[in-house]
Amino acid sequence: MSLPTATARRAGAGDRSSRGRQAVLVAATLAVAAGLVSVAAGAAGLSLGEVVHILWAGATGQRHTLPVGAATIILDIRLPRVLLALLVGASLALSGAAMQGLFRNPLADPGIVGVSSGAALAAVIVIVLGPTLMPFMPAAISRHLLPLAAFFGGLGTTALLYRLATREGQTSIATMLLVGIALAALGGAITGILIFISDDQQLRELTFWTMGGFGGATWLKLAAALPLIVPAFIAAPFMARGLNALALGEAEAFHLGIEVERLKGLAILVIAAAVGAAVAVSGIIGFVGLVAPHLLRVAIGPDHRTLLPAAAFLGAALLAIADLIARTSVAPAEMPIGILTALIGAPFFLWLLLRRRGALVL
Amino acid sequence: MITQTLFRAVTPARRTLSCAVILAAALAACLPAAADTIVDAEGRRVEVTDRSRIVSIGGAVTEILFALGLADQVIAVDTTSTYPAAAQAKPDVGYMRALSSEGVLSLGPSLILAVKGSGPKDVVDVLATASVPMVMIPDEPTAAGVGAKIRAVAAAAGVPEKGEELAKAVEADLKTVTDAVGKAGAQHSAAFVLSMANGAPLLAGDHTSAAGMFALAGLRNAFAFDGFKPASPEAIVEAAPAIIVTMGRGGHDATDAIRQNPAFATTPAVKDGRILAFDGAYLLNFGPRTAEAARELAMTVYPELAIPPLARHPWTETAAAAKP
C-alpha cells in the first residue's frame, strides 16, 4: 500500500515543472472563480440568475431590454471594477515576483521598496500641477497621461533603486530597504509640498493615491491601464529563463548565455509598466506583490517559468476577493481595501521575517 | 374624467398641485409623478420625477430634508448626518467623501441629493452618469449660502414653497444675529482647531466653514491661510487668538490637548480660559440651525451684546440639547 504513495512522492519531488504547471492551472482556476463570485456578489442583492441574465443580455447587445438600474450596477459598476481588481492584482503580483527575481531578494515588493511611492508621486504631480502646466489639455489625453506619468515614476524609482542597491552583481538587502525608505520619505515630503499648494478638491484626490481602492472603476480607466499592462504581461514570460539563471549569480547567468544587462533592463521596464498602470488606476495597494509570489515559492519552488504566471493568477484572485470583502462587508458603505490587504499581508510579512531570521543578514 | 386626469398627470415638466389633489391615492401610486428639471450646483441639468426614495449625503442636506418634513422619504443618509437623532436610524452609506457607487445604488434610490464636495470624485462621476438622478447641492459657508442650500434641496425634493418658507425664517434669524453682532466694537480674534492629532494642531484658514461661522458671530479668524492646514507653533504664538473654538461632544474634545500645547498655552485664549467646544455638525453644517449656532457662539464671546432670542422652530427644538 505504501509503495505507490512513495513512488508518487518521488515523482512529484523530482519533477517540479509538472507541479508548477498544476499550480498555474490551480491559480488560474482560482482567479476565474474569484472573478465570477465577485461579479455575482455585491451590495445590490441581485440573484445569480439575474446577474447571469444581465451579463448575457449585455454581451449579446440586448441591454435595452434590461431594467436600467440593475444593468447599470452590473455592467457599468461591478463588471469593470472586478476586471480592474483582477488586472491590478495580477500586475502587482507579477511585478513582485519579477522584482524578487531581479534583486535575488525575498523582500522586494513594489510597495515596500518605494516603487509604488514613486509611481504615486508622479501621478500626484500630474493631478496638482497638470492643470497649471497644461491648461488646455483635453480630458481624453490627461486620462492617459496619468498612467504614463505613474509608469515613468515607477521606472525612475526602480532604476534608481537598482543602481544604488546593487554593486558588482550583489544586491544588499540593507541598502535596498534603506533606499526604499529614503525614496518613500522623499515622496512623502514632495507630496507634503503639493498638499500645501493644492485646493480642497485636489487634496481629496491626493488622499486617494495613498489609500488605494477600486471605487471609481470605469471602462475608461480599464482602457487607460491596458496599454501599459498588456505589454508587461506579454514580455514577462521572456524573462523567466533569464531570472532563473540570475538566481545563480550575475556572472553565472552570463556564462549560461544570458544577456544580463538586457534582462535587467527588460525586468525594470516590466515592473515599472505593471506597477505604474496599477497605481494610476487604483492608488497604492500593498502586500499583494509580496504574498502571492511567496505562497507559490513555498508550494512549487522558485522556477520563474511557472512562478510568474501562477503569481499573476494568484494575485488577481487575492485582490478580487479582498475587494469583494471591502465592498460587501459594511454595505452600503465601503471599507478601504488597503486595510484588508495590510490585515492579511502584514502578519504574513512578519511570519516571513521570522521564518527567515537565520538567513537574513542586514 | 379619469382619462383627462391621467393625461394631465403624465404631461412632462408639469407640476400642478390640483393634479395630485384630484388623483385618487391608488392611482397616484402607479403613475409617474410630475417631472422637474433642476440645474444643480455643478451646472448639470437633472430631470427629477420620483422623490419617494431619497438618499441624502451631507449633514446639512439631511437636516434640511427633515426640517421640510420629508423624513419618511429619506431612505439612507451618510455618516455626517448626525442631526436630528432620527436620521441616525437610517441606513448609512458611509462617509460623504468615501462613498461607494454600488452601495448607494443598491438601496434602490429614486433621487440622490449630495452636498458639493462629496466624493471620491470618480464615484460621484459614476453616480452622475447612472440612471438615478443625482442633484449636487451648493455649499457656501455664508448667510446667503444657507438660504441657497435650503432652496436647492427644497427644489430638488419638489417642495419649493416650503423651502422658501424655511429659507426666509432662517435668513430672518441670521439677520437678527448679524445685526446685533454688527454693533460689537472691536472684533475678537479667534482660532478654530479642527484636530490635535499627535499634538499637531490642524487649524482653519480662509474659505472654510469655520471661518464662515466666525464671520457670522463677529469674530476675526486669526489665521489667513487657505483651507484647513497644520500651523507652526510660532505662528500660533504670534497670532495670539483671544478665543479658541474646537469641536466635540460630551467631553470628547481637544480642549485638554489645546491647553497643554506649549504654543497655545501662550495665547490669551488659554490664559483666560476661553476655549469653546461645540458640536461639529451644529456649528459647521450651514443648515437650518446655523442662526442658532451663530447666536450661541456670539453670546458666549460677546456677553455684553443683548442678541434677542430667536423664535423656537421645530427644526431647532433639540439644538440646545445637542450642544456639549
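Model, not experiment: these values are computed from the prediction. A note on names: the letters A, B, ... follow the listed sequences, proteins ahead of strands, and every chain is numbered from 1.
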Query raised in the report: So which of B:Pro91, B:Ala76, B:Ser106 has the biggest tally of heavy-atom pairs under 4.5 Å with chain A?
Result: B:Ser106

**Report entry** Best-contacting candidate, B:Ala98, B:Gly108, B:Ala130, B:Ser100, against chain A by heavy atom pairs under 4.5 angstrom
**Finding:** B:Ser100

Requested in this report: Before giving the answer on side-chain hydrogen bond (donor to acceptor under 3.5 Å, both in side chains), spell out for B:Glu47 and B:Thr37 the whole-Å C-alpha distance, their side-chain angles and the decisive distance to 0.1 Å.
Outcome: CA-CA 5 Å; B:Glu47 189 98 335; B:Thr37 302; 2.8 Å; yes

Requested in this report: Determine whether more than 12 heavy atoms belonging to other residues, nucleotides or ligands lie under 6.0 Å from atom CD of B:Glu140.
Outcome: no

Query - Under 4.5 Å from any heavy atom of chain A - which part of B:Leu107 - result: side chain

Report task. Answer with side chain, backbone, both or neither: which region of B:Val104 has an atom nearer than 4.5 Å to a non-hydrogen atom of chain A? Result -> backbone

Salt bridge check: are [X] and [Y] linked by an N-O gap of less than 4.0 Å?
| X | Y | value |
| --- | --- | --- |
| B:Asp122 | A:Lys221 | yes |
| A:Arg81 | A:Glu334 | yes |
| B:Arg53 | B:Asp72 | no |

Query raised in the report: Taking A:Val330, A:Val68, A:Thr218 one by one, which has the highest count of heavy-atom pairs under 4.5 Å against chain B?
Result: A:Val68

